[in-house]
Amino acid sequence: MASFLSNSVRSLVRKVPNTATAQATRSVTTLQETLMAQVPGKQAELAKLKKEHGSHVIGEVTIDQCIGGARGIKAMLWETSNLDPEEGIRFRGLTIPDCQAVLPTYSGVKGDGEPLLESLLWLLLTSEVPTKEQVDSLTAELHSRAELPAHVIPLLNSLPKDMHPMTQFSIGLNACQTESVFAKAYNDGVPKTDYHEYVLEDILSVIAKLPEIAAIIYRNVYHDGVVNKDTSLDYSGNFCRMLGYDNPSFDELMRLYLCIHTDHEGGNASAHTTHLVGSTLSDPYISYAAGLNALAGPLHGLANQEVLRWIQALKDKFDAEGKAVNEETITEFAWETLNAKKVIPGYGHAVLRKTDPRYTCQREFALKHMPDDELFKVVETIYQVMPGILKEHGKVANPYPNVDSHSGVLLWHYGFTQYQYYTVLFGVSRAVGGLCQLYWDRALGLPLERPKSVTPEWLWSQVKK
Ligand code: CMX
């Protein structure tokens with residue numbers, strides 16, 4: 001692919017790794033080759049749709065939707081995944097169980113263990129199920145791109161330990177922007193039709209660099225600041241070692257965790273922000289850093305830390321009162337939360353109307369790996385009572401649990417109890433969905449996003465008509 005790039009930018013593009021793995025996989029069709037072959041057809045297909053059916057009406061907008069956070073308005077093209085209210089997420093048409101059945105795993109045997117994050121990255125970018133060899137070549141490529149610019153580690157080390165890990169994460173990624181190949185290519189005046197080639201370089205580099213940024217923050221805030229890598233492992237396994245965890249079962253959890261948090265169609269705040277900021281031709285580094293800031297809100301990704309905080313507060317209260325945590329006390333605590341006009345973290349969803357399949361697969365992981373865990377049993381009991389409570393409360397459109405309701409408990413089981421950090425793990429994963437779409441945004445030449453806003457006076461004028 002480097003042959004497409006201008007001379008001044010080519011010098012910035014990383015070299016193909018000269019490792020045994022890379023050499024062994026030279027005969028494998030690479031990710032870049034796969035994409036370059038797909039782009040012309042996809043461009044032509046979209047151009048035809050726009051030309052022949054551009055004026056076809058696909059929805060209407062009510063005043064409720066206009067003042068209600070644009071719920072349900074179909075106004076964004078998203079290639080990589082689709083979210084059905086009843087069925088949940090499909091990644092390029094595959095459900096989570098489908099992915100678990102067909103995507104390459106660490107052992108190399110499909111269905112034996114969780115899919116590798118690299119498998120999902122390949123699937124989301126290309127819509128093709130990769131071979132194990134292709135996945136291995138992508139692992140080697142990501143490892144070869146992982147080095148952080150020299151100024152980033154001292155910067156991260158200088159941040160106050162009590163700064164929220166998500167703020168540190170966003171700062172760390174923004175600071176890596178010095179490496180952006182796309183930003184330099186844009187300055188050099190490359191034609192619009194070539195943007196996607198440079199954006200792909202950045203996307204792979206951002207995804208490659210995030211685990212070390214995340215691990216430095218974790219080790220600085222909670223441990224000794226030392227980060228040890230093991231690049232003989234896959235992306236997730238190496239990330240676990242960098243965090244300081246060396247347990248094959250935890251590696252499997254991380255693989256599952258990183259896969260299921262990648263993408264949730266385009267309307268969620270982190271994906272949408274990445275897409276919006278990227279549409280101004282900001283490069284992938286700062287576009288995804290913006291997405292991380294959206295993920296850091298308690299109604300979105302921060303809910304995973306809030307769930308653990310809620311459960312700990314519940315346990316503290318009833319321990320102090322000498323009461324057990326059971327259906328009765330959970331119900332009492334839930335009503336206290338609701339009556340205080342606060343949300344039950346980990347429950348509800350803007351699109352889903354059933355239990356989130358990302359919750360279900362985490363529950364299955366818990367049943368397999370930690371059926372007797374005390375906190376897992378608490379989460380199970382909450383699941384028994386909470387939908388009924390929320391239905392009785394009467395406001396919530398979806399009384400069922402979402403992904404954030406279960407993730408923290410699994411981490412806690414392995415001694416990963418620093419829940420203020422949990423959203424960073426979500427952020428490592430969400431990069432894959434948001435950035436794979438960003439590749440297609442530029443490959444398909446999608447324009448600046450700029451919806452029309454209206455004033456309250458204009459809305460009144462419409463009603464009075
Ligand atoms: N607890 C209490 N009230 C809730 C609630 C919950 N878990 N979920 C929704 N509600 C309330 C809303 O605040 C809203 O109240 P108002 O009418 O007073 O504003 C009402 O019920 C209707 O909301 P909704 O249509 O059901 O849900 P929204 O699409 O507006 O919001 C979400 C979706 C996720 C923000 C909301 O369900 C929520 O706040 N959940 C708790 C936080 C959470 O778990 N977020 C993570 C979501 C997944 C993710 O992005 O990571």
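What's counted below: heavy atoms across the whole structure, side chains too, no hydrogens, waters or symmetry copies. Atoms within each ligand, like the ligands themselves, are counted from 1 in listed order. Here the structure is a predicted model, which is why all the values come from computation and not from measurement.
At under 3.5 Å, a nitrogen or oxygen of Arg71, whether backbone or side chain, sits near a nitrogen or oxygen of ligand 1. Close N/O approach between Leu299 and ligand 1 is found [any backbone or side-chain N/O within under 3.5 Å].
Salt-bridge formation is not detected for the pair Lys354/Glu87: no Lys NZ or Arg NE/NH1/NH2 atom is positioned less than 4.0 Å from an Asp or Glu carboxylate oxygen.
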Could you walk me through whether Glu380 and Lys377 pass salt bridge (charged side-chain N to carboxylate O under 4.0 Å, His left out), step by step?
-> CA-CA 5 Å; Glu380 284 282 274; Lys377 287 182 180 160; over 6 Å; no
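In the vicinity of Lys395, heavy-atom distances shorter than 4.0 Å reach the ligand 1 atoms 15 (O), 16 (P), 17 (O), 18 (O), 20 (C), 21 (O), 22 (C). Atom numbering of ligand 1 starts at 1 in the shown order; those under 4.0 Å from a heavy atom of Leu338 are 2 (C). Ligand 1 places these atoms under 4.0 Å from at least one heavy atom of Ala303: 43 (C), 44 (O), 45 (N), 46 (C). For ligand 1, the atoms sitting less than 4.0 Å from at least one non-hydrogen atom of Ala350 are 29 (O), 33 (C), numbered in the order shown with element in parentheses. Interface of Gly346 with ligand 1, defined as ligand atoms under 4.0 Å from a residue heavy atom, comprises 43 (C), 44 (O). Contact atoms of ligand 1 toward His349: 33 (C), 34 (C), 37 (O) (distance under 4.0 Å to a heavy atom of the residue).
For atom 10 (N) of ligand 1, the candidate residues are Val396, Leu352, Val403, Ile389; the nearest heavy-atom contact is made by Val396. Closest heavy-atom approach to atom 41 (C) of ligand 1 among the candidates Phe426, Tyr347, Tyr400: Tyr347.
Within a 4.0 Å radius of atom 23 (O) of ligand 1, the protein contributes no heavy atom. For atom 46 (C) of ligand 1, the protein comes within 4.0 Å by at least one heavy atom. Atom 7 (N) of ligand 1 is approached by the protein to below 4.0 angstrom, counting heavy atoms only. Shown here, atom 12 (C) of ligand 1 is out of close reach of the protein: none of its heavy atoms lies under 4.0 Å off.
Contact between Phe91 and Cys99 at its shortest, heavy atoms only, is CD1-SG, 3.8 Å.
Taking the ring centroids of His349 and His264, they lie under the 6.0 Å cut-off. Remark: aromatic rings of Tyr245 and Phe416 are close, center separation under 6.0 Å. You'll find the ring centres of His143 and Tyr235 outside the 6.0 Å limit.
Side chain of Asp230 to main chain of Arg241: no donor-acceptor pair is present (N/O by atom type, distance under 3.5 Å, no hydrogens or angles).
Every heavy atom of His393 sits 4.0 Å or more from the atoms of ligand 1.
By the criterion of a heavy-atom distance under 4.0 Å, the side chain of Asp404, and not its backbone, is placed next to ligand 1. Residue contacts with ligand 1, taken as heavy atom pairs separated by less than 4.0 Å, involve Ala397 via backbone and side-chain atoms alike. When heavy-atom distances to ligand 1 are checked against a 4.0 Å cut-off, His264 has no atom that comes that close, whether in backbone or side chain. With a 4.0 Å cut-off on non-hydrogen atoms, Val307 does not touch ligand 1 at all.
Taking the ring centre of Tyr383 as origin, the terminal cationic atom of Arg363 falls outside the region bounded by 6.0 Å and 45° from the ring axis.
Looking at Thr423, Thr274, Asn268 one by one, the single match for side-chain hydrogen bond (donor to acceptor under 3.5 Å, both in side chains) with Arg430 turns out to be Asn268.
To the nearest 0.5 Å, the span separating CG on Leu295 from OG on Ser170 amounts to 11.0 Å.
Classified by interplanar angle (parallel below 30°, tilted 30° to 60°, perpendicular above 60°), the ring pair His272/His275 is tilted.
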